[in-house]
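What you see is a predicted model; the values in this text were computed from it and never measured.
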Amino acid sequence: MKQLVGVWRQVDKPQSPLRIRFSLTAGGTVLVEEWLRGDQPHSMTVYHRDGPDLLATHYCPQGNQPRLIAALPVKGDPLRFSLRDATDLDTAQESHLVQLAFVFAGPDRITRAETYRQGGTDEESELQLVREQPSDGGKGRLR
């Protein structure tokens, strides 16, 4: 996932203030995904290893924190995360992230798909993203 380091924007909405910034921290062992609307932070997802597993903790504007685990990817398939558990979540009242996927279409183009659930109903969305600012070449440790 370290190849995501950099700033990304929507392909079809270049004038939108939404930017997604990926950066490495903690000695290159953690990837941070920050959603920004202009200078204002919107949400954050933190990716890190836990033994052989890759986890994602999403800090949602709804105030809950879904934790997702990646399925072992098959070469060429999307990287898929599914809900493992969540903190501070009222499943009867709150929308929450239950699935997340990345399709790597090249070094500067990705698709980011997510599914949110509220009251038993799922809502899927997808963003086509293009790199706006270059990465550091993926020199960190996270894989």
Side-chain angles (χ1 to χ4, degrees), residues 1-26 28-136 138 140-143:
M1 291 193 70
K2 65 184 176 182
Q3 67 189 0
L4 292 172
V5 170
V7 177
W8 299 77
R9 66 166 173 80
Q10 294 177 78
V11 170
D12 60 341
K13 297 179 183 175
Q15 301 306 321
S16 168
L18 175 66
R19 295 296 181 267
I20 301 174
R21 179 175 56 211
F22 290 90
S23 59
L24 291 171
T25 190
T29 63
V30 174
L31 180 70
V32 178
E33 173 188 357
E34 298 173 277
W35 285 48
L36 304 163
R37 294 200 185 276
D39 292 336
Q40 296 299 312
H42 176 71
S43 68
M44 179 172 64
T45 304
V46 177
Y47 303 87
H48 65 90
R49 294 187 54 182
D50 181 19
D53 296 326
L54 179 60
L55 302 180
T57 302
H58 177 65
Y59 297 89
C60 195
Q62 286 88 346
N64 54 56
Q65 301 83 38
R67 295 188 294 187
L68 301 102
I69 187 166
L72 187 61
V74 175
K75 187 175 180 168
D77 283 352
L79 175 59
R80 296 186 188 281
F81 292 83
S82 297
L83 182 67
R84 181 168 105 175
D85 59 18
T87 58
D88 202 25
L89 173 63
D90 178 354
T91 56
Q93 300 292 321
E94 295 177 338
S95 173
H96 58 286
L97 185 64
V98 294
Q99 292 184 354
L100 176 62
F102 290 93
V103 177
F104 298 91
D108 296 322
R109 192 173 179 108
I110 60 171
T111 300
R112 186 187 185 283
E114 58 186 23
T115 303
Y116 273 80
R117 181 170 295 151
Q118 183 169 11
T121 302
D122 288 355
E123 182 179 331
E124 297 177 1
S125 65
E126 184 176 282
L127 290 175
Q128 302 290 322
L129 301 171
V130 63
R131 190 184 306 274
E132 184 174 86
Q133 292 179 6
S135 74
D136 69 353
R141 290 179 46 203
L142 186 73
R143 296 191 200 321

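By the 4.5 Å heavy-atom criterion applied to side chains, P41 and L36 are counted as neighbours. A heavy-atom distance below 4.5 Å is not found between the side chains of R9 and S16. Using a 4.5 Å heavy-atom threshold, the side chains of L4 and F102 count as touching. A 4.5 Å side-chain heavy-atom check between M44 and V32 finds at least one atom pair inside the cut-off. Inter-residue side-chain proximity for E94 and D88 is flagged as unmet; no heavy-atom pair is nearer than 4.5 Å.
The nearest pair of heavy atoms linking V11 to P14 is O-CD, 3.8 Å. In plain terms, the two heavy atoms of L68 and L100 that are nearest each other are CD2-N, 4.3 Å. Among all heavy-atom pairs drawn from F104 and I110, the shortest one is CD2-CG2, 3.8 Å. When all heavy atoms of A86 and P66 are compared, the pair lying nearest together is CB-CA, 3.7 Å. Between L79 and A71, the shortest heavy-atom contact is CD1-O, 4.3 Å.
Taking H96 as the reference, nothing meets the side-chain hydrogen bond (donor to acceptor under 3.5 Å, both in side chains) condition, with sequence neighbours excluded. For R112, the salt bridge (Lys or Arg N to Asp or Glu O under 4.0 Å) test picks out E33, E114, with sequence neighbours left out. Residues satisfying the salt bridge (Lys or Arg N to Asp or Glu O under 4.0 Å) criterion with E34, sequence neighbours excluded, are R21. Residues that satisfy the side-chain contact (heavy atoms from CB on, under 4.5 Å) test with Q118, not counting sequence neighbours, are S95. The salt bridge (Lys or Arg N to Asp or Glu O under 4.0 Å) check on D108 picks up R131, with sequence neighbours excluded. Here T87 pairs with Q65 under the side-chain hydrogen bond (donor to acceptor under 3.5 Å, both in side chains) rule; sequence neighbours left out. For D50, the side-chain contact (heavy atoms from CB on, under 4.5 Å) partners at least two apart in sequence or on another chain are L55, R84. Taking the side-chain contact (heavy atoms from CB on, under 4.5 Å) definition, one finds that P17 meets it with nothing, sequence neighbours left out. The side-chain hydrogen bond (donor to acceptor under 3.5 Å, both in side chains) check on D85 picks up R67, with sequence neighbours excluded. For Q10, the side-chain hydrogen bond (donor to acceptor under 3.5 Å, both in side chains) test picks out no residue, with sequence neighbours left out. For D12, the salt bridge (Lys or Arg N to Asp or Glu O under 4.0 Å) test picks out no residue, with sequence neighbours left out.
Between R109 atom CZ and W8 atom CH2 the span is 10.0 Å, to the nearest 0.5 Å. Note that CD1 of I69 and CG of D53 are 3.5 Å apart. Values are rounded to the nearest 0.5 Å. Rounding to the nearest 0.5 angstrom, the gap separating the CG atom in L24 from the CE atom in M1 is 10.5 Å.
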> Is there a side-chain contact (heavy atoms from CB on, under 4.5 Å) between L97 and N64 once you walk through the steps?
Replying inline: CA-CA 9 Å; L97 185 64; N64 54 56; over 6 Å; no
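Legend: ring pair (Phe, Tyr, Trp, His ring centres under 6.0 Å) pairs involving residues 63-94, not counting sequence neighbours, sorted by first then second residue: Y47-F81.
Ring orientation note: the planes of H42 and W35 are tilted relative to one another, at an angle of 30° to 60°.
Around CG of D39, the count of heavy atoms belonging to other residues, nucleotides or ligands within 6.0 Å does not exceed 12.
A donor-acceptor contact closer than 3.5 angstrom is absent between the side chains of S82 and Q99.
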